2 protein chains.
Amino acid sequence: MTVVLVVDDDAAIRRTLGITLRARGYEVEPVADGRSALQSLAEQEPDVVVLDLGLPDLDGIEVLRRIRATSSVPVVVLSARQESDDKVEALDLGADDYVTKPFGMEELLARLRAAMRRAGAPVETVRAGDLVIDVDDRTVTRAGEAVHLTPTEWRLLEVLVRADGRLVRQATLLHDVWGPEYERETHYLRVYLAQLRRKLEADASRPEHLLTDPGLGYRFVP
Amino acid sequence: MTVVLVVDDDAAIRRTLGITLRARGYEVEPVADGRSALQSLAEQEPDVVVLDLGLPDLDGIEVLRRIRATSSVPVVVLSARQESDDKVEALDLGADDYVTKPFGMEELLARLRAAMRRAGAPVETVRAGDLVIDVDDRTVTRAGEAVHLTPTEWRLLEVLVRADGRLVRQATLLHDVWGPEYERETHYLRVYLAQLRRKLEADASRPEHLLTDPGLGYRFVP
DNA sequence: GCCGGGCGTCAAGATCGCGTCAAGAGCCGT
DNA sequence: ACGGCTCTTGACGCGATCTTGACGCCCGGC
């Protein structure tokens, strides 16, 4: 279970993030101030931290400094302020990303995933037979040979690999790879799955990793 | 029987959700305004509520506040893209999840199941002898072996399983699985019940779980 | 014993969804 | 402007699935 430490003095944001993240399958530890954040960091060992810079007790920048004194956990910073001074300082101190309020929930989720990805969280490289998929580097090798994927092919593979063997519905794939207005264009999936199979499977007509659930979606199994 | 209270002033959405949810074996209580919603909440005691925030009489937020005053029923909020303030407020007031319009039906169904599960609803796996039917995963195993069902076979089984041992009338099955214009086509039932029995029963000619009530309908008994 | 309605069974034809190929459009960098 | 790469779109074959018809069985009514 992936644990997210949410540090924000605004109760509405703590709850919004809490509910949203839990709905996506994360475990959430919400705290309201810097002191509690540092305490939770030590006790819970979260996989990623969401940190609001505007805190009542300690300055958010100071909290980040102390986090970095003891931990390399990925940190995504939230700030209401427009000035880029904080941003530069936060990134200098080792924040992994920076989101300005008001922010879209999907955007924040994407940044969190990206931060964890870069930090080498759960899925970093996946081995499947003679395939090696390095999610950080965006590289794929097959039997030692580098495989070239186009941007769209890669995004599709990434979504499937991150699902970790579970079914991903057609509408979800289309939404995540092509955008919300493409959710009914299943033709794309057929074309791109075929291309991925041709590049990744030993026998594209008998796929071992990129499997179809007819009428539902696709799944990647190592 | 799981009851879903659908609160939306848009008749098209009430109708779409009503048809889809009923087809999945839920009982649906559609209402158009907040006053009716609160009344239905008291009378029907639904298992989950789908609440549109943009209502004509009472503000959706106000409806949610009154729901929470008396009930802990899981609430999934529907919101238009622009109403992000409302969304935060709704989650703050105890909504369990939100879905932004326009939404995919499968996504909403998944959120509803997730919300009910978190609220402690019974896990939807049915065991019947050596059969295990997982309604969430859409999978069936028999003596440990995965059983492959076609989409129509699955929907039929799903409706029967959700009825929880009670008789389901022929017209109801036809309506829910094939659509309202098929309510007299009982031939389909004979064909598909035979297929299900062949796949699920030890001896298809002596069914133990998929039973016929001649002239009335069918029932699934564990 | 005969008949008819409801049910179960089988199988052929129609339809649907998926995989495949390839042509053309669009988008770079040179 | 050109060439190369990628994305989009249409056409088509194939297998799975659905639909439809034919037929046999059981049982109750006559």
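All values below come from the heavy atoms of this structure, side chains included, with hydrogens, waters and symmetry mates left out. Worth saying up front: this structure is predicted, and the values here are computed from it rather than measured. Numbered from 1 within each chain, the chains take letters A, B, ... in sequence-line order.
Residues satisfying the salt bridge (Lys or Arg N to Asp or Glu O under 4.0 Å) test with B:R184, not counting sequence neighbours, are none. Partners of B:R190 by side chain to side chain contact (heavy atoms under 4.5 Å, CB included), not counting sequence neighbours, listed by chain and number: B:T186, B:H187, B:Y218. Partners of B:Q39 by side chain to side chain contact (heavy atoms under 4.5 Å, CB included), not counting sequence neighbours, listed by chain and number: B:E43. Qualifying side chain to side chain contact (heavy atoms under 4.5 Å, CB included) partners for B:H148, counting only residues two or more places apart in sequence or in other chains: none.
For B:T152 and D:dT17, the shortest distance from a side-chain N or O to OP1 or OP2 is not below 4.0 Å. Within the structure, every side-chain polar atom (N or O) of A:T150 is placed at least 4.0 Å from both OP1 and OP2 of D:dC5. Using a 4.0 Å cut-off, some side-chain N or O of A:W178 falls inside it from OP1 or OP2 of D:dT8.
Between B:L5 and B:E29 the shortest heavy-atom distance is CD1-O, 3.3 Å. Of all non-hydrogen atoms in A:E201 and A:L210, the two that sit nearest each other are OE2-N, 2.9 Å.
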Please report, to 0.1 Å, the donor-acceptor pairs under 3.5 Å made by any side chain of residues 163-172 of chain B, with sequence neighbours excluded.
{"unit_1": "B:R166", "atom_1": "NH2", "unit_2": "B:A163", "atom_2": "O", "d": "3.3"}

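Within 4.0 Å of A:Q170, counting heavy atoms only, lie sugar-phosphate atoms of the nucleic acid but no base atom.
Put simply, chain B comes within 4.0 Å of DNA chain C, heavy atom to any atom, from C:dG6 to C:dC10, going 5' to 3'.
Near DNA chain C, meaning a heavy atom under 4.0 Å away, the residues from residues 212-222 of chain A are A:T212, A:P214, A:G215, A:Y218. Within residues 199-207 of chain A, the residues that place at least one heavy atom under 4.0 Å from DNA chain C are, in residue-number order, A:A204, A:S205.
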Subject >> 5'-to-3' dot-bracket of DNA chain C (Watson-Crick, G-U; under 3.5 angstrom; crossing pairs as [ ]; | other strand) >> reply: ||||||||||||||||||||||||||||||
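Between atom CZ of residue B:R155 and atom CG of residue B:L173 there is a gap of 12.0 Å, rounded to the nearest 0.5 Å.
Taking 4.5 Å as the limit, some side-chain heavy atom of A:V140 sits within range of a side-chain heavy atom of A:W154. Side-chain contact between B:V3 and B:V28: absent, with no pair of heavy atoms (C-beta onward) separated by less than 4.5 Å. Side-chain contact check for B:L78 versus B:D8: some heavy-atom pair is nearer than 4.5 Å. A heavy-atom distance below 4.5 Å is not found between the side chains of A:V50 and A:V7. The side-chain heavy atoms of B:Y192 and B:T152, taken from C-beta on, include a pair separated by under 4.5 Å. Between A:D52 and A:V77 there is no side-chain heavy-atom pair separated by less than 4.5 Å. Looking only at side-chain heavy atoms (C-beta outward), A:V49 and A:V76 stay at 4.5 Å or farther from each other.
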When you compare the protein's N or O atoms with those of nucleotides 9-14 of chain D, which come within less than 3.5 Å of each other, and at what distance?
{"unit_1": "D:dT9", "atom_1": "OP2", "unit_2": "A:Y188", "atom_2": "OH", "d": "2.6"}
{"unit_1": "D:dG10", "atom_1": "N7", "unit_2": "A:H187", "atom_2": "NE2", "d": "3.3"}
{"unit_1": "D:dG10", "atom_1": "O6", "unit_2": "A:H187", "atom_2": "NE2", "d": "3.1"}

Please list, pair by pair, any protein nitrogen or oxygen found under 3.5 Å from a nitrogen or oxygen in nucleotides 25-30 of chain D.
none

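Heavy-atom contacts from other residues, nucleotides or ligands closer than 6.0 Å to CD of B:E145 number 12 or fewer. Atom CD of B:E45 is surrounded by 12 or fewer heavy atoms from other residues, nucleotides or ligands within 6.0 Å.
Whole-Å rounding puts the A:L174 CG to D:dT8 P distance at 11 Å. Atom CG of B:L156 and atom C1' of D:dT17 are 15 Å apart (whole Å). Rounded to whole angstrom, the span from the CZ atom of A:R155 across to the C1' atom of D:dC7 amounts to 11 Å. Atoms CD (B:E153) and P (D:dA16) sit 14 Å apart, rounded to a whole Å. One can place CG of A:L193 at 16 Å from C1' of D:dC7, the figure rounded to the nearest angstrom.
The aromatic rings of B:W178 and B:Y188 sit tilted relative to each other, their planes meeting at an angle between 30° and 60°.
Screening residues 207-222 of chain B for salt bridge (Lys or Arg N to Asp or Glu O under 4.0 Å), with sequence neighbours left out, gives B:D213-B:R219.
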